[in-house]
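Inspection log for the structure reproduced underneath, given as structure tokens.
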Amino acid sequence: MGMKDMLLELRDKALQDLEAAVDPQQLQELKVKYLGRKGPMTEILRGMGKIPAEERPKIGEMVNQVKQVLEQTLKDRAEILREEALKAKLDHEKVDITLPGRKPGIGHLHPLTLTAREIKRIFMHMGFDVVEGPEIDNDYYNFEALNLPKDHPARDMQDTFYITENYLLRTQTSGVQARTMQAHEPNTPIRMISPGAVYRNDYDATHSPMFHQVEGLVVDRNISLADLKGTLELFCREMFGDDVKIRLRPSYFPFTEPSCEVDISCVICGGKGCNVCKHSGWLEILGAGEVHPNVLRMSGYDPSLMNGYAFGMGVERIAMLKYGIDDLRLFFENDLRFIRQFR
């Protein structure tokens, strides 16, 4: 068989195989088979030296023509297979254009953010300023300026994350109160709250190593516990409803004297007694008291002229009572089934 007959037979066989290809993968395999480096077209080109010189131009031209025909057929067949695949996909994946479109998901605020905003709203309506401070603070503002010297036993009440010997992750936002007093002219009236994240080495169903506080401070002349009780009573009614009652119990805090724990009538049973309030009818909500004279003195205030009250509450605690949540860890697990309930 001559070279010309071999080329024609090869062309016909290749065209027949290409027309029979049913998917891109099979088409690629045929391309490698006929036009690849080990294919017959390459072998023919390598054997051109054995052909008589007078026949080489004609055979060379014929080889190029066959190669061009095969390449064009490959391209055309690939386009046909692509269109057939698209048509099959469209026939299989029909879309009803009369259906309503899918609405994009809309985010919403976390329950702690909602609670913190509500707390700030209530106190701002009472004329309080909102003041924020650093979450990495030094030992002086976190402890000493609050009447907690280095050897004070009450420091053991807070498991502190120390960064260096003098710097730490703040355990309370009370340091913002000391900073605010020192930034004011001495004996200037102050009415402020300081919200923010705080850190303590504790983790269980009612404690988290990171949580949020809102602490308040009022300093002026002739401030009494009656003013404190009236402020907190108004706050609790705004937060939990008009029927809620509060009571003050004696307690101890290094930065206030006298100090008290503040309870509210149980928001679950209305004060009648239930498992949540351990059948006492009361739930502890925050700590408060008259500002200790040492705290005023260290921040440049004269305790003989000025006095005031301070209070501190956990945002998580308020949210748990407001929404009936029994495990503080739910706030930080990022479970959308929990968070979406507050949309």
Side-chain angles (χ1 to χ4, degrees), residues 115-116 118-131 145-148 154 172-178 180-181 184-195 213-267 270-271 277 280-315 317-318 321-322:
T115 304
E118 180 67 7
I119 293 171
K120 287 189 283 187
R121 182 193 68 80
I122 294 170
F123 281 108
M124 289 171 67
H125 282 183
M126 289 191 277
F128 283 71
D129 295 324
V130 178
V131 185
L146 305 176
N147 199 34
L148 282 158
Q172 54 205 2
T173 60
S174 303
V176 182
Q177 300 175 4
T180 302
M181 285 192 287
H184 280 63
E185 290 292 327
N187 302 323
T188 303
I190 294 174
R191 186 183 298 174
M192 60 160 285
I193 58 171
S194 52
Q213 281 188 341
V214 175
E215 303 206 11
L217 173 70
V218 172
V219 178
D220 207 334
R221 297 175 183 270
N222 303 317
I223 298 295
S224 68
L225 281 176
D227 299 309
L228 169 64
K229 184 177 181 181
T231 300
L232 295 180
E233 193 167 36
L234 178 57
F235 163 75
C236 290
R237 286 179 177 175
E238 287 287 322
M239 178 61 69
F240 300 106
D242 292 337
D243 295 332
V244 74
K245 299 179 176 60
I246 74 167
R247 72 176 184 183
L248 277 58
R249 291 181 289 109
S251 186
Y252 167 76
F253 301 107
F255 27 81
T256 53
E257 181 60 39
S259 304
C260 62
E261 299 280 0
V262 181
D263 301 332
I264 62 170
S265 54
C266 181
V267 295
C277 63
S280 68
W282 297 94
L283 295 169
E284 181 181 325
I285 190 172
L286 58 89
E290 287 273 324
V291 179
H292 198 291
N294 288 345
V295 174
L296 293 170
R297 195 175 291 112
M298 282 187 287
S299 293
Y301 279 67
D302 184 351
S304 65
L305 297 176
M306 309 291 288
N307 65 336
Y309 62 77
F311 56 86
M313 66 187 74
V315 177
R317 176 68 172 164
I318 301 295
L321 294 176
K322 184 176 181 64

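These numbers were taken from a predicted model, which means no experiment stands behind them. Basis for what follows: all heavy atoms, side chains included, without hydrogens, waters or symmetry-related copies.
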So does Met126 have more than 12 non-hydrogen atoms from other groups sitting under 6.0 Å from CE?
->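 Yes.
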Heavy-atom pair of closest approach, residues [X] and [Y]:
X: Leu228; Y: Ala310; answer: CD1-O, 4.5 Å
X: Gln177; Y: Gly216; answer: NE2-O, 3.3 Å
X: Ala145; Y: Ala178; answer: CB-CB, 3.9 Å
X: Ser251; Y: Glu261; answer: OG-OE2, 3.4 Å
X: Pro254; Y: Leu148; answer: CG-CD2, 3.5 Å

Please list all pairs passing the side chain to side chain donor-acceptor pair (under 3.5 Å) test where one or both residues lie in residues 230-247, with sequence neighbours left out.
->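 Pairs touching residues 230-247 that pass the test: Thr231-Tyr309, Arg247-Asp263.
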Among residues two or more places apart or on two chains, list those pairs meeting ring pair (Phe, Tyr, Trp, His ring centres under 6.0 Å) that have a residue in residues 283-303.
->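 For residues 283-303: none.
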Sequence neighbours left out, cut at 3.5 Å: what donor-acceptor pairs do the side chains of residues 280-289 make with other protein atoms?
unit_1	atom_1	unit_2	atom_2	d
Ser280	OG	Cys277	O	2.7
Ser280	OG	Trp282	N	3.2
Ser280	OG	Trp282	O	3.2

Got a donor-acceptor contact below 3.5 angstrom from the Thr115 side chain to the Val315 backbone?
->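 No: the side chain of Thr115 does not pair with the backbone of Val315.
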In Å, rounded to the nearest 0.5 Å, how long is the span from [atom1] of [X] to [atom2] of [Y]?
X: Thr188; Y: Ile190; atom1: OG1; atom2: CD1; result: 7.0 Å
X: Phe240; Y: Ile264; atom1: CZ; atom2: CD1; result: 4.0 Å
X: Cys260; Y: Ile246; atom1: SG; atom2: CD1; result: 8.5 Å
X: Met306; Y: Asn187; atom1: CE; atom2: CG; result: 5.5 Å
X: Asp220; Y: Asn307; atom1: CG; atom2: CG; result: 8.5 Å
X: Leu146; Y: Met298; atom1: CG; atom2: CE; result: 7.0 Å

Partner set under side chain to side chain donor-acceptor pair (under 3.5 Å) for Ser265, not counting sequence neighbours =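 Not a single residue meets the side chain to side chain donor-acceptor pair (under 3.5 Å) criterion with Ser265.
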Are any of the side-chain heavy atoms of [X] and [Y] separated by less than 4.5 Å?
X: Arg221; Y: Leu305; value: yes
X: Val214; Y: Lys120; value: no
X: Ile122; Y: Met239; value: yes
X: Met313; Y: Ile119; value: yes
X: Phe255; Y: Glu215; value: no
X: Phe311; Y: Val262; value: no
X: Arg297; Y: Asn294; value: yes
X: His184; Y: Val219; value: no

Who are the ring pair (Phe, Tyr, Trp, His ring centres under 6.0 Å) partners of Phe235, not counting sequence neighbours?
->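 Per chain and number, Phe235 pairs via ring pair (Phe, Tyr, Trp, His ring centres under 6.0 Å) with Phe123.
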Mind checking side chain to side chain contact (heavy atoms under 4.5 Å, CB included) for Pro258 and listing every partner two or more places apart, or none if nothing turns up?
->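 Partners of Pro258 by the side chain to side chain contact (heavy atoms under 4.5 Å, CB included) criterion, ordered by chain and then number, come out as Leu225, Glu290.
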